[in-house]
Amino acid sequence: MQIGDALSRIALLQPALGQPVLISVEDQEEIVFDAIIAVERCDKPNELTYTLKNAFHLSAVADAEQTCQLLLCNIACEEQESKWHLISTQCFSDQVVFFRVQLALKKPQSMIPPERHFVLFNLHFGKGQCKEHAVCLTRRNWEDFSFIHASDLHIAKRNDDIPDYLGIAGAETGYINFNNRLREFIRKANDLATRQELDFVLLTGDLVDFVEWAVKPENAEEGRKYNNWFTLHEILTGADGRSEPLNAPVFTVLGNHDYRRHHYNLDDGRKLWKEDFGLKKAQFKRYHKHEPRIEFPAQLAAGLSSLKWYFLKINPDLDYVIPLGKHRIICLDTGEDNFDAADANRLLVEARKSEETGKIIDSIIQRGQKFSSVIHPVVFSSLPCVLFGFATGALVGILPGENRIWLALAGVFFAGAAKIAFFFAAAIKGLSNVLSRHLNQLTSALEGIIGSGPDSVGLFQEQISWSRKRLEQRQGKPGLYIIAMHSPPVNVQPGVDLSLFSESTRQSQNGPRYIDIGELDLSAASIHQNWAEFLETLTGVCGTPPVDMALCGHTHQNLEFRLELYSWNENAIPSRFSKKRLGFYADKYTDQLNEMQGDTQKCSRWWQAHRPLILQTTSLGPCGKNGTPPGYRLITVQEHGVARIEFHAVSAKKNS
């Protein structure tokens, strides 16, 4: 078999755009890193070495002419179980075999210009395959570095198509384009990287708004581009022609929206067309005719199959670890939406509290009462006519006389019966139309509540066990251990004024500083399954070292919590957690940290007293809740500890 034919059956899997390899070059004469390939129908594994000998090379993202050949060092079979999701989503057939390929690069320092602290490369395989932004050569030893945490991009091709369809291109229209928010963020991130103030970006879920948009061309190849994973890929790499490429490594974690197959309607719930997208009513009405309507609950149709092109184009893994010298970032997938009977009851209660949805429910009840009040007198006003018809018909049947008299009197009965029948038909049809219209409005309102913050499925026991094994490696070693996930492990219901429960407020009131789980629902819009077990993992109840920080998104607002672990005693309030008790705390912790002005000793002591810290970061795409502008957190690490966490707004403009 020719080498070209053999290469056509091999797919380069990773490193990839959303999970690049970071290689610290320092004074090394040669560096070695791993790549994963997938081989279909691998009949002769021994021949792979010859086939792959000169198949890999690098090209710089900023300068395509800067290339270098990679040397093949070793090939070994990879565990098939770790890639089960690639088979189940039909990325590859069940005949595929995965291999870990070891690649080497000579004199890596020469690949980084003096004015740069890192250079980003594309990894090429054969003549046609390329993993963009997959390899980063850096001079960092990971004692001091900076990274960005951002979340909830909600990218969709629809965001760019709406202004094109309406002919409203231009910032002065007031239209809010989530895609442009990402483009602006890329410009800011690139500027930070140029000034050597940024080393990588961490994106924690809701990368896309939904996966497939119903409006797409009949051409299969063009239609594939209406899968929003392609849209995200093109923006990050600058291939869409409207963006500059992100010139910093980026790591991705999945969110609940990333599992959703279909688009949602812009008139759901809170008038999203106005509040989130900034459209005027006339613009929305025009666009509304163009886009097919997806009815509830089809909008929440989700599944692993939605992620096929995410695995192939952006990141092939659900859970993984980012090694940064002595530090580790453990990335976890919290899954799709979770929606059960308890959630339905909560949504109905919340809907009744809302003025808008409350009016809809009242209207339905009033319509039903009005229907009863009308039909009751009509039925009873017609009843004598019917009874008279029955009585007359019976009387005529036993008395002698002409048939026409009997028929005339019987007509009285049929007239009365017909009167009621026609009234019932008209009334039921009218009631049906009223109920249909108002129930549709109520459904839309509930859709808005569902979209505002549902629970995610959460973490499987296998994920928790896997995380604990990673944490066990920390025993007695310095360095930060950070969890990156989409749905937060601690959260509160909408409308709660968290400042009333903050440590500083409660301390001034001489009360307990912690928030008891009986006071607030601290698992709202969080992870549904294994919630308590995961909190025990974060705090070290299970015997593993505690986590320093958990970085999350999902809620579209900046919230900060911490957990505190202390021994249980007889006088303690009973807790769902055994042996040890967890205290939940809320405050503006990043402000406290930043006041230390990077004093490493003070910061170290502060972290020992406040870990694990749980940070929710607002959305990067849509406007944040409670007046929070879209933005991101810039996190600075110095001497193996977090020294500063700053929030930066992407744009103050509504129409960005």
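S502 and T505 are linked by a side-chain donor-acceptor pair at a separation below 3.5 angstrom, with hydrogens and angles left out of the test. Of the N and O atoms on the side chains of H263 and D209, not one donor lies less than 3.5 Å from an acceptor on the other residue. Between the side chains of T600 and Q638, no donor-acceptor pair is found at a separation under 3.5 Å. Side-chain atoms of R187 and N190 form no donor-acceptor pair, as typed in the model, at a separation below 3.5 Å. When only modelled atom types and interatomic distance are considered, D152 and H556 share a side-chain donor-acceptor pair under 3.5 Å. N594 and E646 share no side-chain donor-acceptor pair at under 3.5 Å. Y287 and Q283 form no side-chain donor-acceptor contact under 3.5 Å, judged by distance and modelled atom types alone. Side chains of E503 and Y589: a donor-acceptor N/O pair is present below 3.5 angstrom, by distance only. Residues N159 and N179 have side chains that bring a donor and an acceptor to within less than 3.5 angstrom of each other. A donor-acceptor contact closer than 3.5 angstrom links the side chains of D240 and S243. No side-chain donor from either of T628 and N626 sits under 3.5 Å from a side-chain acceptor of the other. Side-chain contact, T555 with Q616: a donor N or O sits under 3.5 Å from an acceptor N or O.
For the pair D548 (side chain) and I482 (backbone), a donor-acceptor distance under 3.5 Å is absent. Here the side chain of N228 pairs a donor or acceptor atom with the backbone of K157 at under 3.5 angstrom. Under a 3.5 Å cut-off, the side chain of S306 and the backbone N or O of A302 do not form any donor-acceptor pair. Using a distance-only test at 3.5 Å, with no hydrogens or angles considered, a donor-acceptor pair links the side chain of H486 to the main chain of T204. No donor-acceptor pair closer than 3.5 Å links the side chain of W607 to the backbone N or O of G641. Counting only distance, with no hydrogens or angles, the side chain of Q463 and the backbone of D333 share a donor-acceptor pair below 3.5 Å.
Of the listed residues (F284, Y175, Y264), just one forms a ring pair (Phe, Tyr, Trp, His ring centres under 6.0 Å) with W273, and that residue is F284.
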Exercise for the section: Please lay out, stage by stage, how M485 and I527 fare under the test side-chain contact (heavy atoms from CB on, under 4.5 Å). Expected result: CA-CA 10 Å; M485 57 197 297; I527 54 175; 4.1 Å; yes

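Between W606 and H610, the ring-plane angle classifies as parallel under the 30° and 60° cut-offs. A perpendicular orientation is assigned to the rings of H154 and F178, their planes being inclined by more than 60° (bins at 30° and 60°).
Remark: F534 pairs with no residue by the ring-ring contact (aromatic ring centres under 6.0 Å, His included) rule, at least two apart or across chains. In this structure, the side-chain contact (heavy atoms from CB on, under 4.5 Å) partners of H262, at least two apart in sequence or on a different chain, are I294, A301.
Minimum heavy-atom separation, D337 to N256: OD1-ND2, 2.7 Å.
Centroid-to-centroid, the aromatic rings of F561 and F584 stay 6.0 Å apart or farther. Taking the six-membered ring for Trp and the full ring otherwise, the centers of F147 and F200 sit less than 6.0 Å from each other.
Remark: E212 does not engage R261 in a salt bridge, criterion side-chain N to carboxylate O under 4.0 Å. By the 4.0 Å N-to-carboxylate-O rule, E519 lies close enough to R506 to be salt-bridged with it.
Y165 does not carry R158 over the face of its six-membered ring by the limits of under 6.0 Å from the centre and within 45° of the normal. Because its NZ or CZ atom is both nearer than 6.0 Å to the ring centre of Y585 and within 45° of the ring axis, R562 counts as a cation-pi partner of that residue.
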